[in-house]
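Sequential numbering from 1 along the given sequence is applied to the chain's residues.
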Amino acid sequence: MDLDDKESLPGEILPVVIIGNGPSGICLSYLLSGYTPYLSPEASHPNPLLLSKLVEQPHLSLLEQDLEYLCEGLEGRSSNPVAVLFDSLLLPDSDFGLDYTSPLEWRYEPERAIPHLVLGKGPPGGAWHAMEGSMLTLSLANWMELPGLKLKDWMREKRRNVRNDRATPAEIASYYQHYVSQMSLERNFACGTKVTSVTMQPGNQEGSPPCWRVMGLQRREGEELGDGSSVTEEVPFSVLAHNVVLATGTHDIPARLGVEGESLPFVCHSFWELEAAISRGELDQSSDPVLVVGAGLTAADAVLATHHLNTPVYHAFRRSVTDPGLIFNQLPKLLYPEYHKVHQMMTQQQHQSSPPAQDRTQDPHHHTTPLSSSSFSPSSSSPPYPGYLSFPCHRVVEFRPDRKCVLESDSGQRTVVQVSKALVLIGAHPNLSFLGDNGRTFGINSEEPITCRRNPIEVDPFTNKVVAADGPGMYAMGPLVGENFVRFLKGGALAIASNLAKRQREGRGEGDLAADRLMDKWVDRQVTRQTQAEVCVLDL
């Protein structure tokens with residue numbers, strides 16, 4: 001859709017604008033498009049208490065039921081109660097490797113649809129399109145699927161076998177893009193958009209309630225040149241909405257260490273920079289070691305990719321290898337053999353700090369030991385993983401122009417390593433620059449930046465409304481509220497859709513009817529000449 005930079009006429013206010021077109025935004029769009037979950041007449045469920053609650057009012061859709069009541073007594077691997085509820089209904093007892101049939105059936109009821117617009121920088125699927133295409137996803141394939149389209153069924157059409165019940169990021173990205181098309185959601189999606197501001201518009205004297213103005217730029221293909229290429233231009237747009245949903249994910253801005261020398265050319269902050277260096281032939285077994293900083297799954301992928309080249313690897317991370325918070329200590333070994341291998345490497349081949357020289361024991365914090373690449377064998381003459389050395393409980397102190405990095409242990413001892421590249425893979429932050437103070441005031445701790453794990457946006461657990469929003473009708477979902485896994489972010493979509501449906505039932509005023517008229521015009525004006533890579537057309 002093309003979003004023209006026109007002021008909306010009086011009353012032409014969209015009910016919902018969703019910022020972000022990843023799996024969060026796609027799932028919410030599905031629920032807002034009239035696809036409605038009901039308890040199936042043949043329903044069974046391994047949790048008899050939950051099933052007994054559902055059968056009390058089987059004629060009501062899940063969107064009409066009391067979610068807080070249904071959530072009581074449920075436990076799961078998410079701190080969000082609605083996420084646990086929806087996951088339990090979509091994938092009953094999947095934590096135990098069981099394959100129960102979902103007790104839900106989905107009915108298409110277009111009269112329930114709430115007009116909405118989904119804005120995204122790229123094609124539907126969000127950050128999945130930017131992820132490396134050969135690694136396997138952490139989650140099982142069915143955990144990545146969205147309601148109404150079995151991922152395994154779709155994957156079987158693409159290839160004969162499903163490896164380890166897991167998929168590659170490239171396959172997942174393709175699935176999400178296909179999902180939007182298969183479910184006829186394209187008319188709600190405006191791709192190639194960058195939101196620059198979201199502000200509250202006060203109500204007017206005629207009694208119109210406050211609403212949100214969403215402004216930004218949309219990338220479009222402009223005039224065609226003589227060689228067949230075209231000029232890309234960015235066109236401003238401005239839309240009004242009664243409700244705004246923040247669903248941008250948290251992969252926009254790589255986290256930084258904040259140490260001296262971090263901006264030097266050999267220091268990278270994304271896995272894709274490693275991929276590019278490999279494709280350019282910059283790394284091989286004769287290269288100086290690559291330093292990988294971080295103990296998450298992306299850092300593990302970098303260790304595997306570098307080790308596969310027989311390039312030496314130094315691996316530094318802040319936690320102990322036995323820390324229960326370390327992701328590797330939470331993964332079943334049989335399901336994730338490659339990550340178990342990395343954890344073995346981290347455990348078995350640790351750097352052994354040498355005691356400080358006698359004349360320096362009084363000031364161990366300034367004792368620095370240079371480490372050569374010949375020090376890879378920690379205690380054995382034939383280590384099981386040659387060319388790898390871990391530095392648990394270490395932090396980076398400094399990067400130097402001569403490609404030397406200074407590491408410091410928890411005890412204060414410093415080690416200098418010579419490297420060819422350094423990969424700082426310690427997570428990422430969302431880009432919320434379109435909000436005042438980058439959305440910091442929405443966090444659980446308003447003094448800190450928004451991060452998925454340490455400081456997510458604070459929302460009501462049963463509606464996903466942003467607690468500290470400066471106006472009504474602002475929601476957040478997905479990684480922004482601490483839900484990193486697709487399996488659980490679907491609960492945020494249910495909470496928001498349920499709350500919007502409840503508000504729609506409680507009071508349908510002129511503003512809603514005007515929004516319906518706007519949606520009718522919107523659909524009538526659609527231009528269907530899009531391919532997967534094109535942007536469809538909308539005039540507002």
Could you tell me the separation between the [atom1] atom of [X] and the [atom2] atom of [Y], rounded to the nearest 0.5 Å?
X	Y	atom1	atom2	answer
Leu31	Ile26	CG	CD1	12.5 Å
Arg112	Leu500	CZ	CG	13.5 Å
Asn464	Leu494	CG	CG	9.5 Å
Arg395	Ile426	CZ	CD1	12.5 Å
Thr193	Phe237	OG1	CZ	5.0 Å
Ile278	Glu273	CD1	CD	12.5 Å

Counting neighbours of CD on Glu260 that are heavy atoms of other residues, nucleotides or ligands and sit closer than 6.0 Å, is the number greater than 12?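 Result for CD/Glu260: open.
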
Electrostatic pair Lys465-Asp460, nearest N-O below 4.0 angstrom: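 Salt bridge absent between Lys465 and Asp460.
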
Is any side-chain N of the basic residue among Glu448 and Arg454 closer than 4.0 Å to the acidic one's carboxylate O?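 Salt bridge: no.
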
[X]-[Y] side chain donor-acceptor pair, cut-off 3.5 Å:
X	Y	result
Tyr176	Asn21	no
Ser238	Arg213	yes
Asn80	Ser78	no
Tyr175	Gln182	no
Arg503	Ser498	no

Do the non-hydrogen side-chain atoms of [X] and [Y] ever get within less than 4.5 Å of each other?
X	Y	value
Pro15	Pro115	yes
Pro147	Pro37	no
Val214	Val244	yes
Tyr475	Asn499	yes
Phe434	Ile19	yes

So does [Y] get a backbone contact from the side chain of [X], meaning a donor-acceptor N/O pair under 3.5 Å?
X	Y	result
Glu262	Leu257	yes
Glu233	Arg219	no
Lys490	Glu145	yes

Testing the basics here: between [X] and [Y], what is the closest heavy-atom pair and its distance to 0.1 Å?
X	Y	answer
Ser433	Asn431	OG-OD1, 2.9 Å
Ile450	Asn438	CG1-O, 4.4 Å
Pro254	His269	CB-O, 3.4 Å
Val118	Gly20	CG1-O, 3.5 Å

Could you check Gln177 against Ser174 for side-chain hydrogen bond (donor to acceptor under 3.5 Å, both in side chains), going step by step and ending with a plain yes or no? CA-CA 5 Å; Gln177 194 161 1; Ser174 180; over 6 Å; no

With a distance cut-off below 6.0 Å to the six-membered ring centre and an angular limit of 45° from the axis, does Arg107 pair with Tyr38 as a cation-pi contact?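 Here Arg107 passes the 6.0 Å and 45° test against Tyr38.
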
Ring centroid separation Tyr30 to Tyr179 under 6.0 Å: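 Yes; Tyr179 has its ring centre under 6.0 Å from that of Tyr30.
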
Please evaluate residues Leu291 and Phe399 with respect to the criterion side-chain contact (heavy atoms from CB on, under 4.5 Å), reporting the C-alpha separation (whole Å), side-chain torsions for both, the decisive distance (0.1 Å), and the verdict. CA-CA 11 Å; Leu291 172 65; Phe399 297 104; 4.3 Å; yes

Quick one: do Tyr339 and Leu297 satisfy side-chain contact (heavy atoms from CB on, under 4.5 Å)? Show the steps, please. CA-CA 8 Å; Tyr339 292 130; Leu297 299 179; 4.1 Å; yes

